[in-house]
Amino acid sequence: MQYFEDIVPGTKQAFGTYPVTREEVMAFAKAYDPQPFHLSDEAAAATHFGRLSASGWHTCAMTMAMVVANLEANQQAGLGSPGIDALHWLKPVYPGDTLRCETEILDKRASRSRPEMGSYRSQMTVLNQDDIVVMTFVSTGLIRTRPID
């Protein structure tokens with residue numbers, strides 16, 4: 001199990017693989033972001049995207065799926081997150097892309113009011129199969145401290 005005490009600022013990690021499918025792009029858009037360029041090839045062709053593209057919020061959701069899988073694989077004693085900062089969608093994500101993540105731990109802080117937990121901030125970079133950065137953000141994770149036996 002990975003606890004607060006195991007988090008080391010400066011640590012970098014690469015993880016995840018998420019294939020972006022046309023069906024999922026359209027299903028997500030229909031349910032959560034029904035803008036024409038996420039739903040129609042013709043509408044998308046008339047925009048700066050040039051073709052059907054994933055919603056930025058879908059890109060966030062796909063990233064979250066990779067993050068959770070990575071947290072589970074590392075058996076992190078995670079407690080969720082109070083939020084993210086500086087979210088930037090830098091390039092469109094298209095059906096046929098494959099996304100992956102790179103992260104760096106920026107800093108960590110023990111909770112003053114809750115000694116059973118701490119937090120850490122990470123710089124997240126999401127890239128496509130061509131190593132083009134499509135999204136970045138800074139996340140704050142909450143994590144348990146090591147239990148005292």
Side-chain angles (χ1 to χ4, degrees), residues 1-4 6-112 114 117-144:
M1 186 70 70
Q2 183 185 42
Y3 294 100
F4 173 77
D6 303 315
I7 300 293
V8 178
T11 301
K12 295 180 181 181
Q13 185 182 27
F15 61 89
T17 300
Y18 199 104
V20 181
T21 68
R22 176 182 179 79
E23 296 75 23
E24 188 176 333
V25 165
M26 294 180 78
F28 185 96
K30 185 175 181 179
Y32 303 109
D33 190 357
Q35 298 182 75
F37 45 84
H38 298 317
L39 294 167
S40 160
D41 292 312
E42 295 76 23
T47 70
H48 66 282
F49 295 116
R51 59 188 168 120
L52 191 73
S53 64
S55 165
W57 296 113
H58 186 196
T59 303
C60 290
M62 292 182 280
T63 300
M64 191 66 201
M66 290 184 282
V67 168
V68 170
N70 185 58
L71 293 175
E72 289 174 352
N74 289 315
Q75 297 183 325
Q76 190 181 85
L79 297 169
S81 172
I84 63 171
D85 295 311
L87 171 63
H88 298 282
W89 294 305
L90 301 169
K91 295 288 182 183
V93 171
Y94 298 110
D97 284 350
T98 300
L99 303 180
R100 65 182 184 82
C101 299
E102 293 181 357
T103 188
E104 179 179 1
I105 304 293
L106 300 174
D107 52 45
K108 71 179 193 176
R109 181 175 64 85
S111 173
R112 287 178 249 163
R114 302 202 49 196
M117 69 186 332
S119 64
Y120 64 96
R121 290 184 325 121
S122 299
Q123 173 67 53
M124 176 65 71
T125 303
V126 182
L127 304 98
N128 68 17
Q129 69 283 351
D130 298 319
D131 292 330
I132 295 170
V133 176
V134 299
M135 184 175 73
T136 62
F137 59 86
V138 175
S139 66
T140 301
L142 302 176
I143 186 169
R144 289 183 187 94

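All heavy atoms count here, side chains included; hydrogens, waters and symmetry mates do not.
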- Is there side-chain contact between S55 and Y32, with at least one heavy-atom pair below 4.5 Å? no
query: For T103 and F15, what are the C-alpha separation, side-chain angles and deciding distance, and is it a side chain to side chain contact (heavy atoms under 4.5 Å, CB included)?
result: CA-CA 8 Å; T103 188; F15 61 89; 3.8 Å; yes
Sorted by chain and number, sequence neighbours left out, ring-ring contact (aromatic ring centres under 6.0 Å, His included) with Y3 holds for none
Check your understanding: Got V93 and N128 here, is their nearest side-chain heavy-atom distance under 4.5 Å?
Key -> no
Check your understanding: Can you find a pair of side-chain heavy atoms, one from N70 and one from M66, that are under 4.5 Å apart?
Key -> no
- prompt: Is Q129 reaching over with its side chain to a backbone N or O of T98, donor-acceptor style, under 3.5 angstrom?
  reply: yes
**Prompt:** Do other residues, nucleotides or ligands put more than 12 heavy atoms under 6.0 Å from the NZ atom of K91?
**Reply:** no
Between the CG atom in L127 and the CG atom in D97, the distance rounded to the nearest 0.5 Å is 11.0 Å
When rounded to the nearest 0.5 Å, the distance separating CG of L90 from OG1 of T136 is 5.0 Å
Interatomic distance, CG@L79 vs CE@M117, rounded to 0.5 Å, equals 4.5 Å
Sorted by chain and number, sequence neighbours left out, ring-ring contact (aromatic ring centres under 6.0 Å, His included) with F49 holds for F37
Practice prompt. Check whether any side-chain heavy atom of M135 sits under 4.5 Å from a side-chain heavy atom of C60, and report yes or no.
Written response: yes
On a heavy-atom basis, the closest approach of G118 and F4 is CA-CD1, 3.7 Å
Contact check, side chains of H38 and S53, non-hydrogen atoms, under 4.5 Å: yes
Shortest non-hydrogen pair, S111 vs R114, comes out as OG-N, 2.9 Å
Closest non-hydrogen contact found for G83 with S81 is N-OG, 3.0 Å
Output for pair (Y120 OH, D107 CG), nearest 0.5 Å, gives 12.0 Å
With a 4.5 Å heavy-atom cut-off, do Q13 and I105 have their side chains touching? no
- Query: Do the non-hydrogen side-chain atoms of Q76 and D6 ever get within less than 4.5 Å of each other?
  - Reply: no
Residue pairs passing the side-chain hydrogen bond (donor to acceptor under 3.5 Å, both in side chains) test with at least one member in residues 20-30, sequence neighbours excluded, are Y18-E24, R22-D41, E24-H58
Between T140 and I84, is there a side-chain heavy-atom distance shorter than 4.5 Å?
no
I would like to know whether M124 and S122 meet side chain to side chain contact (heavy atoms under 4.5 Å, CB included); could you show each step before the answer? CA-CA 6 Å; M124 176 65 71; S122 299; 5.9 Å; no
Minimal heavy-atom distance between C101 and T63, with the atoms involved, is SG-CG2, 4.0 Å
Taken to the nearest 0.5 Å, the spacing of W57 CH2 from L87 CG works out to 5.5 Å
* With side chain to side chain contact (heavy atoms under 4.5 Å, CB included) as the test, would you mind laying out the steps for V133 and V126 before giving the verdict? => CA-CA 6 Å; V133 176; V126 182; over 6 Å; no
CZ of R100 to OG1 of T125, rounded to nearest 0.5 Å, is 9.5 Å
